[in-house]
Amino acid sequence: MAQILLHGTLHATIFEIDRLRGTGGGNIFSKVLDHIEETVGIGDGKTQLYASIDLEKARVGKTRIIEKGTSNPKWYESFHIYCAHMASNVIFTVKDANPIGATLIGRAYVSVHELLDGEEIDRWVEIVDNDKNPIHGGSKIHVKLQYFDVTKDRNWGGGIRSSKFPGVPYTFYSQRQGCKVSLYQDAHVPDKFVPPIPLAGGKNYEPHRCWEDVFDAITNAKHLIYITGWSVYAEIKLIRDSRRPRPGGDVTLGDLLKKKASEGVRVLMLVWDDRTSVGLLKKDGLMATHDEETEHYFQGTDVHCVLCPRNPDDGGSFIQDIQISTMFTHHQKIIVVDSELPSGGSDKRRIVSFVGGIDLCDGRYDTAFHTLFRTLDTAHHDDFHQPNFTGACISKGGPREPWHDIHSRLEGPIAWDVLYNFEQRWRKQGGKDLLVQLRELEDILIPPSPVMFPEDHETWNVQLFRSIDGGACFGFPETPEDATRAGLVSGKDNIIDRSIQDAYINAIRRAKNFIYIENQYFLGSSYAWKADDIKPEDIGALHLIPKELSLKIVSKIEAGERFRVYVIVPMWPEGLPETGSVQAILDWQRRTMEMMYTDIIQALRAKGIEDDPRNYLTFFCVGNREVKKPGEYEPSEKPEPDSDYIRAQEARRFMIYVHSKMMIVDDEYIIVGSANINQRSMDGARDSEIAMGAFQPYHLSARQPARGQIHGFRMSLWYEHLGMLDQTFLLPESEECIRKVNHIADKYWDLYSSESLEHDLPGHLLRYPVGISSEGAITELPGFEFFPDTKARVLGAKSDYMPPILTT
């Protein structure tokens, strides 16, 4: 049967199965139980029935497990499913879970054709076997379905139409008003770096300085300092700009936290325990945290540092539990402190939080100059980070790996949501109940309340999103019904908050003119990849973000409207670039790009348009190249001959590592957080993540281009990447803008990759070094099978020994 695009929202309910009978009056359960006892050697087998919803081979929902020996299992579970899938059927699969995996009982099919008119379908559907014959006893499953096409959504393609926009629906945290947001590019911005960027109301954009603000926030805390991180390193210094000294700024982070704790401030830290992490990934340099050092550093002090593994939610199979605890991480990067009031003159305190991509660890301090060699005797002498070469160290010299990242500070009611997230996580994994009892501070601490007047044009509306499950978070509801009411998703054996993915999907669907993304990874929507040398259904990178982006571009091409998507990723994921895990991730990235460009080229052809698909969707990386200057740091040793390290050192070039997790839509809405565009981050039951989505109600693009803080922030980022500002950058949706940016990035790539070097690179933005065939296939750029100075293939390579769950 022909497949039809389902792009919208599917509301589904699974009620019950009428009867599960075997032949001759026997119960199907007795067979299943016999099977479990035989294969697993476990007596007393209990049936564990669950049902799932699939759009063809993409799983989009799962019920809880029912452990009763009933022949009439009842779930009564509802699902709110975002779909961007080609399908001919909605498939309900009934399985019996066992300690090793699951046994198929049967499937029920509802044709997608029946859903397209938007009418509700409520019926009993026959359960059939693999050959489509009714299973013994003629069992039926009672389901309800209703499909809402994306074009029926009043927000589709309309941007944020008014200041009353309520935020993303069906989420754990609702949107907060009267907030204040500070956006940070990189850990530090030098004085006078950003040229004048005009904003509405006659103001110019003013950058904020992340690690200076973090230093001040920790220094000035009186009652609590809560920190979570993928990695926290006690030996780093937050203040390193000699032109902007701070009293006490030469202290390490560890000593600062110990000092605050000794003053009576409650300092609690949750750091991911990576002792369980997979050897394969560690070997390739993907994981290099300081968890044990950090724990040891704070032992015997007043700082409470807890290493927490990524524990599974209760109830998974034995195999799943091992997968979760060894493969996935705690990835949230947050700081919560109490702070003085901005006006001063009061003993009252308020809560301030930081959320984003920057961990408080080595290798993260950088400025927009992203130097490779010139800070090796100053800011980076004791913080030399270069995990992409074997044996790299300061004594052998640069290039260091520059670090580009994005973070935010949140004030007002939203800051309390971040605090609540920390409390939920501490209660689950922190051990002793050491959380500050906020009720005891009610005379001092101002409760959640606006910090901006409604009429202040600088006010923000902000919403908190997460990827997390009950294994990492205390207080999640027990039942699927309560989970749904709380904006959570119930799985087979866990309750999941998957709202970061929901936030991205909603923002992309709302987008009107352009989208600008910076992310450490870009892979997903594997259900739509070409099945050339893989089975897409085995990959499991099912999140919708890449497919939503390509469908948005396609819809705009069909409507004859302008729309552009700009994406910046790193040249390759951090680690030795030729190793199996890095090459596998690059292979998934290639397949993702290919799926998107195929969609775009087919849409252009259908409209009879001949155009370069890079004028609609364009990918970049960033890098630096600098000439040698007198007085530069001179290393005492040399890298190994004929190594990537010596080649990069002699060519005076290296990638700038993009670690950002950010999306800007129409200069009016921004998402910033810890979540990458991959399945690990977007799944909800894999890595734990946190992000915020925000807009300024007085700076929307409803009638004219938005010119608030988000616009200023994007322009400042583009200045950092391009080394210049241009009038065309004011309208990224214009053809002039995308052509200019692509042209500059092509030119900079030529300079970056050339044999000779006469001047510093004038900007950092580089074309991502791939070509696109006339059919949408991703090809090698002529002469660039490998990244410069390496033997690592740009297009990556399929891994035959690493399961996709590790690298997606």
Side-chain angles (χ1 to χ4, degrees), residues 5-12 53 55 58-61 79-87 147-160 165-173 175 463-467 487-489 496-512 514-517 519 521-528 541-556 563 565 567 592 595-596 599 617 661-666 668-673 675-686 689-695:
L5 175 64
L6 279 184
H7 187 206
T9 311
L10 184 64
H11 290 256
I53 308 172
L55 294 173
R59 178 134 306 161
V60 294
F79 301 84
H80 169 264
I81 299 161
Y82 292 110
C83 38
H85 303 73
M86 297 295 293
Y147 168 66
F148 300 90
D149 192 82
V150 75
T151 56
K152 304 283 191 292
D153 180 349
R154 55 187 288 278
N155 292 315
W156 167 247
I160 297 175
F165 171 68
V168 179
Y170 307 104
T171 53
F172 187 81
Y173 293 105
Q175 186 173 275
Q463 194 170 3
L464 199 65
F465 308 113
R466 291 185 298 188
S467 292
L488 302 171
V489 180
I496 302 165
D497 185 338
R498 201 169 55 208
S499 52
I500 297 178
Q501 187 184 160
D502 293 357
Y504 270 86
I505 292 167
N506 274 270
I508 294 164
R509 291 183 176 186
R510 271 198 317 273
K512 200 163 53 171
F514 77 91
I515 289 173
Y516 172 55
I517 290 170
N519 208 286
Y521 293 93
F522 193 87
L523 62 94
S525 307
S526 59
Y527 57 84
L542 296 175
H543 75 86
L544 271 55
I545 294 164
K547 192 66 178 176
E548 288 285 352
L549 287 164
S550 66
L551 289 175
K552 168 62 72 168
I553 296 166
V554 166
S555 74
K556 290 289 191 173
F563 194 86
V565 176
V567 183
T592 304
M595 176 268 294
M596 297 175 76
D599 285 352
L617 167 69
K661 298 96 173 54
M662 178 209 73
M663 180 167 79
I664 288 173
V665 178
D666 297 336
E668 70 178 3
Y669 188 81
I670 186 167
I671 296 174
V672 170
N676 297 314
I677 296 180
N678 60 7
Q679 194 63 24
R680 294 180 79 99
S681 288
M682 294 295 166
D683 189 89
R686 296 189 181 183
E689 308 282 6
I690 194 163
M692 68 86 178
F695 68 96

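Quick caveat: nothing in here was measured; it's all calculated off a predicted structure.
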From OG (Ser499) to CG (Asn506), nearest 0.5 Å: 10.5 Å

Asp683 side, atom CG; Ile496 side, atom CD1 - distance, nearest 0.5 Å: 6.5 Å

Of the non-hydrogen atoms in Thr592 and Gly524, which two are nearest, and what is the gap between them? OG1-N, 3.2 Å

Just wondering, do Lys512 and Trp156 contact through their side chains at under 4.5 Å, heavy atoms? no

From CG (Asp502) to OG (Ser467), nearest 0.5 Å: 9.0 Å

Heavy-atom closest pair (His7 atom, Asp149 atom, distance to 0.1 Å) is O-OD1, 3.5 Å

Considering only heavy atoms from C-beta outward, does the side chain of Leu549 approach that of Ile517 to under 4.5 Å? yes

How long is the straight-line distance from CD1 of Ile160 back to CZ of Phe165, given to the nearest 0.5 Å? 5.0 Å

Could you tell me whether the side chain of Leu544 reaches within less than 4.5 Å of the side chain of Tyr527, counting heavy atoms only? yes

Which heavy atom of Val665 sits nearest to which heavy atom of Ala507, and what is that distance? CG1-O, 3.9 Å

Taking only Lys NZ, Arg NE, NH1 and NH2, and the carboxylate oxygens of Asp or Glu, determine whether Lys547 and Asp599 approach each other closer than 4.0 Å. yes

Please determine, by modelled atom types, if Asn676 and Lys661 share a side-chain donor-acceptor pair under 3.5 angstrom. yes

If you look at every heavy atom in Thr171 and Tyr173, which pair is closest and at what distance? OG1-O, 3.0 Å

Quick check: closest heavy atoms across Ala528 and Met595, and the distance to 0.1 Å? O-CG, 3.4 Å

Can you tell me how far apart CG (Leu523) and CG (Asn678) are? Round to the nearest 0.5 Å. 5.5 Å

Parallel, tilted or perpendicular: which fits the ring planes of His11 and His80, with parallel below 30° and perpendicular above 60°? perpendicular

Correct closest heavy-atom pair for Ile508 and Lys552 would be O-CE, 2.8 Å

I'd like to know if Arg466 and Glu689 make a salt bridge, using a cut-off of under 4.0 Å between side-chain N and carboxylate O. no

Pairwise distance CD(Glu668) to CZ(Phe695) - rounded to 0.5 angstrom: 8.5 Å

